[in-house]
Amino acid sequence: MTDAPPPSPTDAPSPPPSGSAEDGGVKAVLHHYLMTARRDLRWKLEGLTERQLRTPMTPTGTNLLGVLKHVASVEVDYFTGCFGRPSGIEMPWFDDDSEPNADMYATAEESVEWVFALADRCAAASDAAIAELDLAAVGHVPWWTNGTVTLGRLLVHMVAEYQRHLGHADIVRELFDGAAGLAPGNTNLPGEADGVSADWWAGYTERLRQIATGAPDTLPDTPNT
């Protein structure tokens, strides 16, 4: 069993651009958050064994290596193929005859190193397209009901897509080894600066468990909205 390769270094600027015309405008801001999300997802996979990266942790099979394969594949398809500039990256898991959810896990033949390299290739192709297209550039997403879109909309969509899956990765990673946090060098966990220990978190979690245990095991009576 081998450890996964380290995450690729981020190209995201720090601090983020201001959004002013002199600083690249809104496009630079959106691209920054996309690159930051890529970095943070790779960080969530760092330091785990191949078995851990492949292990399904939910009833629907959520696994960290599959999350990376999925978002990288979806990203490059949006930013290249949907603008009539296919990347040339073969992704048979999106073929019409592929099994359901084939993009959400890596096969035994698809090594960890291969998936990481795939993600790098997808990011590079996406970045090249983003650099050359204007926010108002029009593309078409054939699998959407109303598939006429702009680059700006797809940038927002992909940032949201990454952040949704980063939430999955947050929980899955914490279940493996307790590692938690927002980003490399910034966990954003409350009390960390004051030296909050693992014992404090254990006590905090136990208090929440006791509150939950004392709550009625019935559906809440909520007003219709």
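Only a predicted model underlies this, so the values are computations on that prediction, with no experimental measurement involved.
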Trainee: Between Asp95 and Asp97, is there a donor-acceptor pair closer than 3.5 Å when you use the side chain of the first and the backbone of the second?
Mentor: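 Not confirmed, Asp95 side chain does not pair with Asp97 backbone.
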Trainee: Same cluster or not: Val26 versus Val138, using hydrophobic residues (I, L, V, M, F, W, Y) connected whenever any side-chain heavy atoms lie under 4.5 Å apart?
Mentor: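 Each belongs to a different hydrophobic cluster.
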Trainee: Should Asp170 and Lys44 be marked as a salt bridge (charged side-chain N to carboxylate O under 4.0 Å, His left out) after you check the CA-CA gap, both sets of side-chain angles, and the distance that decides it?
Mentor: CA-CA 7 Å; Asp170 281 334; Lys44 289 296 177 179; 2.9 Å; yes
Trainee: Is it true that Val159 and Val29 fall in one hydrophobic cluster, defined by side-chain heavy atoms closer than 4.5 Å?
Mentor: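 As far as the 4.5 Å side-chain criterion goes, Val29 and Val159 are connected within one cluster.
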Trainee: Any chance OH of Tyr33 has more than 12 other-residue heavy atoms, nucleotides or ligands included, within less than 6.0 Å?
Mentor: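 Count not over threshold, so no.
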Trainee: Do Met104 and Leu41 share a hydrophobic cluster (ILVMFWY, side-chain heavy atoms under 4.5 Å, transitive)?
Mentor: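 They do not share one cluster, since no chain of ILVMFWY contacts under 4.5 Å joins Met104 to Leu41.
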Trainee: Grouping I, L, V, M, F, W and Y whenever their side-chain heavy atoms are under 4.5 Å apart, do Leu53 and Leu118 come out in a common cluster?
Mentor: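 Yes, because Leu53 and Leu118 connect within a single hydrophobic cluster, where side-chain heavy atoms sit under 4.5 Å apart.
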Trainee: Which heavy-atom pair separates Met158 from Val71 by the least distance, and what is that distance?
Mentor: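 Heavy atoms only, the tightest pair is CE-O, 4.0 Å.
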Trainee: Not counting sequence neighbours, which residues clear salt bridge (charged side-chain N to carboxylate O under 4.0 Å, His left out) with Arg121? List them please.
Mentor: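 Listed in chain order: nothing, the list is empty.
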Trainee: Could you report the tightest heavy-atom contact between Ser111 and Arg54, atom names first, then the distance?
Mentor: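 Nearest heavy atoms, Ser111 then Arg54: CA-NH2, 3.7 Å.
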Trainee: Stepwise, does the side-chain hydrogen bond (donor to acceptor under 3.5 Å, both in side chains) test hold for His31 with Asp127?
Mentor: CA-CA 8 Å; His31 198 187; Asp127 286 344; 2.7 Å; yes
Trainee: Under the criterion ring-ring contact (aromatic ring centres under 6.0 Å, His included), I'd like the reasoning laid out for Tyr78 against Trp144: C-alpha separation, chi angles, the key distance, then a yes or no.
Mentor: CA-CA 11 Å; Tyr78 278 132; Trp144 287 8; 5.7 Å; yes
Trainee: So, for Pro92 and Ser98, which heavy atoms are closest and what is the spacing to 0.1 Å?
Mentor: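 Looking at all heavy atoms of both residues, the closest pair is O-CB, 3.6 Å.
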Trainee: If we ignore angles and hydrogens, is there a donor and acceptor under 3.5 Å between the side chains of His70 and Glu161?
Mentor: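 Note: His70 and Glu161 side chains meet the donor-acceptor criterion.
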Trainee: Can you see which heavy atom on Ala102 is nearest to which on Lys69, and at what distance?
Mentor: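 It is O-NZ, 3.2 Å.
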Trainee: Out of curiosity, Phe176 CZ to Thr55 OG1, how far, rounded to the nearest 0.5 Å?
Mentor: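 Output value for this atom pair is 4.5 Å.
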Trainee: Identify the two heavy atoms, one from Thr148 and one from His140, that lie closest to each other, and give their separation to 0.1 Å.
Mentor: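 Heavy atoms only, the tightest pair is N-ND1, 3.8 Å.
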Trainee: Spell out, as yes or no, whether a donor-acceptor pair under 3.5 Å connects the side chain of Gln52 to the backbone of Thr49.
Mentor: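 Yes; judged by distance alone, with no hydrogens or angles, the pair exists.
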Trainee: Evaluate the criterion side chain to side chain contact (heavy atoms under 4.5 Å, CB included) for residue pair Arg42 and Arg38; output intermediate values, then yes/no.
Mentor: CA-CA 6 Å; Arg42 294 289 283 265; Arg38 289 181 195 144; 5.6 Å; no
Trainee: How close do Leu65 and Ala106 get, heavy atom to heavy atom, and via which atoms?
Mentor: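 Minimum heavy-atom separation between Leu65 and Ala106: CD2-CB, 3.6 Å.
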Trainee: Measure up the Trp200 and Tyr204 rings against each other and bin them: parallel (under 30°), tilted (30 to 60°), perpendicular (over 60°).
Mentor: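 If you compare the ring of Trp200 with that of Tyr204, the planes turn out parallel.
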Trainee: Hey, is CD on Glu99 packed in by over 12 heavy atoms from elsewhere, all under 6.0 Å?
Mentor: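 Yes, because the 6.0 Å sphere around CD of Glu99 holds more than 12 heavy atoms from other groups.
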Trainee: Identify whether Trp143 and Leu151 are in the same connected component of the hydrophobic contact network (ILVMFWY, side-chain heavy atoms under 4.5 Å).
Mentor: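 Yes; Leu151 is reachable from Trp143 via cluster members.
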Trainee: Any sub-3.5 Å donor-acceptor pair from Lys27's side-chain atoms to Leu133's backbone N or O?
Mentor: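 The answer is yes, because a donor-acceptor pair under 3.5 Å joins these two groups.
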